[in-house]
Amino acid sequence: MDKQLPSQLSQNEYIQAYLVLLNMMGNAQKKNDTMDLIQHIEYLEHKFDTVIDEIKELRQTVEQFQNPSTRLNLKTMIDKVDTSVQHAKNKLVEVKETFIASVKTHMDSLKSKGKNTVVKSLDLLHVQQGLKNIHQSLSFSIAGLNHFNLRVNQMSSEFKRAKVNFKNVGLLMIGKSPNHYNADKTKINLLQRVGKSTLSSLEKLQATVYKASNKIVDLEKYSVKKELKAISSEQSEASQINKTIKTITNVPR
């Protein structure tokens with residue numbers, strides 16, 4: 001059973017409190033980078049839904065093929081793509097849960113220990129590893145879909161070139177009945193269109209994973225010294241931050 005995605009990161013109370021704290025500290029760049037990371041993850045969630053719907057359409061079309069050998073061959077390929085995509089989606093759930101847990105731990109630490117813990121950065125190591133796993137699964141998905149699209153394009157080319165030469169098409173698709181191929185021809189055009197769209201969606205997913213990973217690298221560039229300087233720049237501001245911490249971290253457990 002597929003894992004269910006938690007609510008949007010931007011709506012999580014701990015993350016909202018953390019962003020407020022960064023704003024109170026005057027750390028606009030870190031806040032912006034954190035928000036960018038959140039937006040990348042939320043985009044992945046939305047785009048995964050699109051890809052899964054497209055793969056579902058591919059499978060439904062393949063299952064309508066009259067030739068059993070063609071149907072089995074194409075279905076096997078699309079099932080492999082679907083497995084990789086579902087694995088990547090489940091990893092995204094883990095990434096979101098890990099990110100929320102890291103922010104919660106950070107904010108709970110602030111509440112119990114005070115401003116001296118503000119200098120600690122979020123622990124995003126496991127989030128970064130999760131993104132790498134998603135990237136790898138998407139690479140498998142893209143390779144599998146390229147193979148699927150290549151096979152479909154070969155079938156389409158054979159139809160166009162031979163027209164009524166069902167023998168060559170039969171060898172390509174490992175089929176026997178010429179009547180089956182005539183009926184399946186229209187479905188090939190649909191597979192080409194949806195297959196191309198799905199590949200584009202997968203590539204956008206992978207590009208966004210790369211951006212999210214790089215954003216974590218940006219966040220990790222902030223040094224402890226810079227954060228200490230930001231906190232101790234004005235005693236009055238530090239006092240206000242402590243009051244803010246007590247307020248914004250007072251969220252239900």
Side-chain angles (χ1 to χ4, degrees), residues 2-23 25 27-55 81-109 118-146 197-224 226-227:
D2 297 334
K3 295 183 179 180
Q4 297 298 313
L5 289 167
S7 59
Q8 286 191 326
L9 288 179
S10 58
Q11 301 302 314
N12 180 270
E13 54 194 353
Y14 280 97
I15 290 178
Q16 290 179 337
Y18 178 65
L19 293 175
V20 169
L21 178 61
L22 291 179
N23 189 59
M25 291 171 60
N27 202 334
Q29 185 59 53
K30 190 168 186 177
K31 176 185 176 183
N32 291 338
D33 285 342
T34 302
M35 291 179 65
D36 286 344
L37 175 60
I38 291 170
Q39 289 172 1
H40 289 324
I41 294 176
E42 290 182 343
Y43 172 84
L44 289 174
E45 176 182 356
H46 169 73
K47 202 64 178 177
F48 263 116
D49 289 340
T50 299
V51 170
I52 290 172
D53 286 342
E54 289 175 331
I55 291 176
V81 174
D82 184 50
T83 297
S84 296
V85 170
Q86 292 293 348
H87 181 265
K89 180 183 176 182
N90 287 339
K91 285 297 179 181
L92 178 61
V93 175
E94 294 178 9
V95 164
K96 293 182 68 174
E97 291 174 342
T98 301
F99 185 78
I100 291 172
S102 178
V103 174
K104 181 180 183 300
T105 298
H106 188 74
M107 297 304 292
D108 286 345
S109 179
V118 176
V119 299
K120 295 182 179 180
S121 298
L122 292 177
D123 182 5
L124 299 178
L125 177 63
H126 294 297
V127 174
Q128 183 72 288
Q129 184 59 51
L131 290 172
K132 290 181 180 178
N133 290 335
I134 294 174
H135 192 279
Q136 184 178 37
S137 293
L138 290 174
S139 293
F140 288 137
S141 301
I142 290 172
L145 189 57
N146 272 322
S197 174
T198 306
L199 180 61
S200 176
S201 295
L202 284 173
E203 290 172 342
K204 289 178 181 178
L205 271 174
Q206 193 173 52
T208 302
V209 170
Y210 183 76
K211 291 178 182 178
S213 182
N214 282 344
K215 192 57 61 175
I216 290 180
V217 173
D218 290 340
L219 285 168
E220 291 175 342
K221 290 179 180 179
Y222 293 99
S223 67
V224 173
K226 287 183 179 179
E227 293 187 337

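- By the 4.5 Å heavy-atom criterion applied to side chains, Phe99 and Ile15 are counted as neighbours.
- Qualifying side chain to side chain donor-acceptor pair (under 3.5 Å) partners for His40, counting only residues two or more places apart in sequence or in other chains: none.
- The shortest distance between side-chain heavy atoms of Ile216 and Glu220 falls below 4.5 Å.
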Full working for side-chain contact (heavy atoms from CB on, under 4.5 Å) between Thr208 and Lys47
CA-CA 10 Å; Thr208 302; Lys47 202 64 178 177; over 6 Å; no
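- Ring centroid separation for the pair His135 and Tyr210 does not come in under the 6.0 Å cut-off.
- To the nearest 0.5 Å, atom NZ of residue Lys91 and atom CG of residue Leu138 are 13.0 Å apart.
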Using the rule given for side-chain contact (heavy atoms from CB on, under 4.5 Å), can you reason through Lys104 versus Asp108, listing the C-alpha separation, both sets of side-chain angles and the distance that settles it, and then say yes or no?
CA-CA 6 Å; Lys104 181 180 183 300; Asp108 286 345; 2.9 Å; yes
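- Residues Leu145 and Val81 come closest through the heavy atom pair N-CG2, 3.5 Å.
- Between Leu92 and Leu131 the shortest side-chain heavy-atom distance does not fall below 4.5 Å.
- Going from atom NZ of Lys30 over to atom CG of Asp218 covers 12.0 Å, rounded to the nearest 0.5 Å.
- The distance from atom CD of Gln206 to atom OG of Ser137, rounded to the nearest 0.5 Å, is 10.5 Å.
- A 4.5 Å side-chain heavy-atom check between Asp49 and Lys89 finds at least one atom pair inside the cut-off.
- The shortest non-hydrogen separation linking Ser201 to Thr50 is OG-CG2, 4.3 Å.
- For His87, the NE2 atom counts as loosely surrounded, since its 6.0 Å shell holds 12 or fewer non-hydrogen atoms of other residues, nucleotides or ligands.
- Take Ser213 and apply the side chain to side chain donor-acceptor pair (under 3.5 Å) test, not counting sequence neighbours, and it matches Gln128.
- Counting heavy atoms of neighbouring residues, nucleotides and ligands inside a 6.0 Å radius, atom NZ of Lys211 does not exceed 12 of them.
- Remark: Phe140 CZ is loosely packed, at most 12 non-hydrogen atoms of other residues, nucleotides or ligands lying under 6.0 Å away.
- Taking each heavy atom of Ile38 and Ser10 in turn, the nearest pair found is CG2-N, 3.8 Å.
- Side-chain contact between Leu9 and Tyr14 is absent, with no heavy-atom pair separated by less than 4.5 Å.
- In this structure, the separation between CD1 on Ile142 and CG on Leu199 is 6.5 Å, given to the nearest 0.5 Å.
- Gln11 has its side chain within reach of Gln16: a pair of non-hydrogen atoms, C-beta onward, lies under 4.5 Å apart.
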Determine whether Asp123 and Thr105 satisfy the following criterion, side-chain contact (heavy atoms from CB on, under 4.5 Å), listing intermediate values before the conclusion.
CA-CA 9 Å; Asp123 182 5; Thr105 298; over 6 Å; no
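- With sequence neighbours excluded, the residues that form a salt bridge (Lys or Arg N to Asp or Glu O under 4.0 Å) with Asp36 are Lys215.
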Output, in order, the C-alpha distance, side-chain angles, deciding distance and verdict of side-chain contact (heavy atoms from CB on, under 4.5 Å) for Gln86 and Ile52.
CA-CA 8 Å; Gln86 292 293 348; Ile52 290 172; 3.9 Å; yes
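- Side-chain contact between Phe48 and Ile134 is present, with heavy atoms from C-beta onward closer than 4.5 Å.
- Gln129 places none of its side-chain heavy atoms less than 4.5 Å from the side chain of Leu125.
- In this structure, Glu42 does not pair ionically with Lys96, as no charged nitrogen and carboxylate oxygen lie closer than 4.0 Å.
- Asp33 and Gln29 are linked by a side-chain donor-acceptor pair at a separation below 3.5 angstrom, with hydrogens and angles left out of the test.
- Here CD of Glu97 is found 14.0 Å from NE2 of His126. Values are rounded to the nearest 0.5 Å.
- Note that CG of Asn12 is 10.0 Å distant from CG of Leu19, once rounded to the nearest 0.5 Å.
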